[in-house]
Protein chains: 2
Amino acid sequence: MAVTIKDVAKKAGVAPSTVSRVIADSPRISTDTKKRVRKAMKELGYHPNVNARNLAVRSSKAIGVIMPSSAETALQNPFFPEVLRGVGTVAHDTEYSLYVSTGGNDQQLYEEVKRMVYGHRVDGIILLYSRMNDAIMDFLVEEKFPFVVVGKPYENESSITYVDNDNVSASKELTKHLIDFGHKNIAFIGGTTDLVVTSDRFEGYKQALIESGIKVREDYIINDEFNRSSGKKAVEKLLKLKNPPTAMVISDDMMSLGVINMLEEFGLDCPEDVSITSFNNLYLSEITRPPLTTVDIQIYKLGIQGAKCLIEQLQTKDEPAKRVIVPYAIKYRSSTKRFEP
Amino acid sequence: MAVTIKDVAKKAGVAPSTVSRVIADSPRISTDTKKRVRKAMKELGYHPNVNARNLAVRSSKAIGVIMPSSAETALQNPFFPEVLRGVGTVAHDTEYSLYVSTGGNDQQLYEEVKRMVYGHRVDGIILLYSRMNDAIMDFLVEEKFPFVVVGKPYENESSITYVDNDNVSASKELTKHLIDFGHKNIAFIGGTTDLVVTSDRFEGYKQALIESGIKVREDYIINDEFNRSSGKKAVEKLLKLKNPPTAMVISDDMMSLGVINMLEEFGLDCPEDVSITSFNNLYLSEITRPPLTTVDIQIYKLGIQGAKCLIEQLQTKDEPAKRVIVPYAIKYRSSTKRFEP
DNA sequence: CTTTTAAATATAAACGCTTACACCTATATG
DNA sequence: CATATAGGTGTAAGCGTTTATATTTAAAAG
């Protein structure tokens, strides 16, 4: 049906193997023959069949990108497109293709990863999240399948390549900033507790409080999904307290957006009544009212670095596990304010 | 190395073909044998090799998603993740995999599409944009390769399956709304002129003006990329006019955001001084100040429908070209106001 | 004018699967 | 009792590559 390597061979008057070598630009083929074969390829409009090639060489020149279960909801947070953008850039430069997960729930996602791995659909995987006791990560280490994670692995930290920010430091700095502004009642609104990023950011928050002699209050800690409605719900809860917080460190800009919205519904102003600090520096963080003081974690770079690490790992056998920390930068904007009782 | 169909066959005491039939759940195999074979597969941890399978059946059970050249910038507009989300949902339900483009420029994107098509990487393609004289679209029709476009094809409209909104109608309605509010100096800020969506929306704008006896002014028409800075630049230009517009119909929420920002920099208020209407209903359109009056084009549904059409096309030979128009809904918010000189 | 050696190309065996066809067995049919 | 029929499996030929090994050719060496 389509034109194959044999057709080219016939036309050029050589053996299929020769054509194959020409494709690979093997030095064993004389420049003369190469020219002839290339001409034949052009004329016939030949293009190699990737499936056949992949089968023969047992690789696919593709990398799988795994977003948290239900890319469906994941894609609603600009974080993922943005890291995807980074990954895509290097994939493109290195001529790798991109396979993205579509899994609806944990189980389906797991199946999908298995399909990718066992089916030889991809040569390596980038995990765009990290949480504790993740079946997928366990599976990958178990299978010794090449992968890198964007975020910090919950376990086997030293044997897994990953790219991350120094989240505890960032969170600590943020919290300190609030404390410096005279706040004492500082709430923490983080992602779900299974995420490593959640515990890291909580850790930083906690350290800051403790170092300043402020006690950590259970009822000031809220954990939920990274989206707007979680932010709203969090505010509802916090404002019900007898002693509501005057400041919050929030783990995600989308959440922060929800927080601002809900504060407004309660007739409270940010930063007048409540100061908030946030994470991610999504472009929306500049356009909220007020613009968010948030940490720029350089999402795009996370994607770039993640992809780079993976591809290095794929190309050089026995590449050691490495860790790359991309630096963060706190963007001070106007969502925080000195506490005035 | 990995466990193959032969290993399973041996273990189950049957021929490879039988195993293959069990995988396909062929009715020709007795339930007894099926049970036995399945057990063997389980025990050996067998998983079919997709490449081999694809090679044999000449298909890949994957669909390619093509974003405008440089997914890099494309991904910065939430439109794309959102339609990707829709596509992903049905891909997942139908067990197709998703291949996304990473192309940096037009040429590279074209090469990538060729790789996908010729290399049998994907069975079909979804084009997430439509513009005139697009080499990629031409290529796909030339090759008779299955594809659908999200947007309206520039030519061969009747023979290409596509899903779109009624953009001229939406745009007309928007413009009318502005006119009803007493505006006469209405500018149009659209995407680049090569995009079909741009001309459609311009058409609606024009019709509304003409029907109301308002003349279309050249200097009120601006075309640029769908992003924030284009919006800003547009405002700069428009405000330089001796007779600046009092209202604008803008083709994209990101642009609108830029417009609002720049108006503010000029000390102008929206909607007090300038009314704007927008397109897409990205979630950000609710959080801008003011919230945007924008048309909800149901991006997610566009993705769903696009993917559905493609998969139908793939599964049933000779599926006729179809057109699906996803209904839009104008979200009236507060970025427009009655004109008061 | 043989014999070596190196360069260039061809042969053929994978890679792991699907599927048309052939083959058997056991039952139904004439 | 020979024969047709159908259900269940096996055989083997692809699918389009890559690549180890073999073969041819030509130049260099003896």
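Residue numbers begin at 1 in each chain, while the letters A, B, ... track the order of the sequences.
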Both B:Ala15 and B:Ala56 contact DNA chain D. Taking the nearest nucleotide for each, which residue is further toward the 5' end?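 Its nucleotide being nearer the 5' end, the pick is B:Ala15.
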
Ignoring backbone atoms, establish whether [X] has a side-chain N or O less than 4.0 Å from OP1 or OP2 of [N].
{"X": "B:Thr18", "N": "D:dG10", "result": "yes"}
{"X": "B:Thr33", "N": "D:dG8", "result": "no"}
{"X": "B:Arg28", "N": "D:dG7", "result": "no"}
{"X": "B:Ser30", "N": "D:dG7", "result": "no"}
{"X": "B:Tyr118", "N": "D:dG16", "result": "no"}
{"X": "B:Ser20", "N": "C:dT18", "result": "yes"}

Expressed as a whole number of angstroms, how long is the span from [X]:[atom1] to [N]:[atom2]?
{"X": "A:His120", "N": "C:dG16", "atom1": "NE2", "atom2": "C1'", "value": "9 Å"}
{"X": "A:Arg115", "N": "C:dC17", "atom1": "CZ", "atom2": "P", "value": "16 Å"}
{"X": "B:Tyr46", "N": "C:dG16", "atom1": "OH", "atom2": "P", "value": "10 Å"}
{"X": "B:Asn49", "N": "C:dC15", "atom1": "CG", "atom2": "C1'", "value": "8 Å"}
{"X": "A:Ile5", "N": "C:dA14", "atom1": "CD1", "atom2": "P", "value": "19 Å"}
{"X": "B:Lys6", "N": "D:dG10", "atom1": "NZ", "atom2": "P", "value": "15 Å"}
{"X": "A:Ile23", "N": "D:dT17", "atom1": "CD1", "atom2": "P", "value": "7 Å"}
{"X": "A:Lys61", "N": "D:dT18", "atom1": "NZ", "atom2": "P", "value": "13 Å"}

Hey, which of A:Tyr110, A:Phe147, A:Phe145 is the one that makes ring pair (Phe, Tyr, Trp, His ring centres under 6.0 Å) with A:Phe139?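 Answer after filtering A:Tyr110, A:Phe147, A:Phe145: A:Tyr110.
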
Can a side-chain donor-acceptor contact be found between A:Glu112 and A:Gln108 if the only test is distance below 3.5 angstrom?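 No pair is found: no donor N or O on one side chain lies under 3.5 Å from an acceptor on the other.
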
Just checking, is any N or O donor in the side chain of B:Asp123 or B:Ser60 under 3.5 Å from an acceptor N or O on the other one?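 Yes.
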
Choosing from D:dT19, C:dC15, D:dT17, which nucleotide comes nearest the side chain of A:Ser17?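 Selected nucleotide: D:dT19.
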
Picking from C:dC15, C:dA10, D:dT9, which would you name as closest to the side chain of B:Ile29?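 Given the options C:dC15, C:dA10, D:dT9, the side chain of B:Ile29 is closest to D:dT9.
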
Looking at [Y] and [X], is any side-chain nitrogen of the basic one under 4.0 Å from a carboxylate oxygen of the acidic one?
{"X": "A:Arg131", "Y": "A:Asp106", "answer": "yes"}
{"X": "B:Lys308", "Y": "B:Asp93", "answer": "no"}
{"X": "B:Lys39", "Y": "B:Glu43", "answer": "yes"}

Does B:Arg21 contact D:dG10 through a side-chain donor or acceptor facing the base, at a distance under 3.5 Å?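 Side chain to base: pair present.
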
With a 3.5 Å cut-off and just heavy-atom distances, do the side chain of A:Thr4 and the base of D:dT17 make a donor-acceptor pair?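 Between D:dT17 and A:Thr4, which were checked side chain against base, a qualifying N/O pair under 3.5 Å is absent.
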
Heavy atoms under 4.0 Å, any strand shown: does A:Gly119 hit a base, just sugar-phosphate, or nothing?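 Nothing, no nucleic acid heavy atom in range.
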
Within the structure shown, what part of the strands sits under 4.0 Å from A:His47 by heavy-atom distance: base, sugar-phosphate, or nothing?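 Sugar-phosphate, backbone atoms only, no base.
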
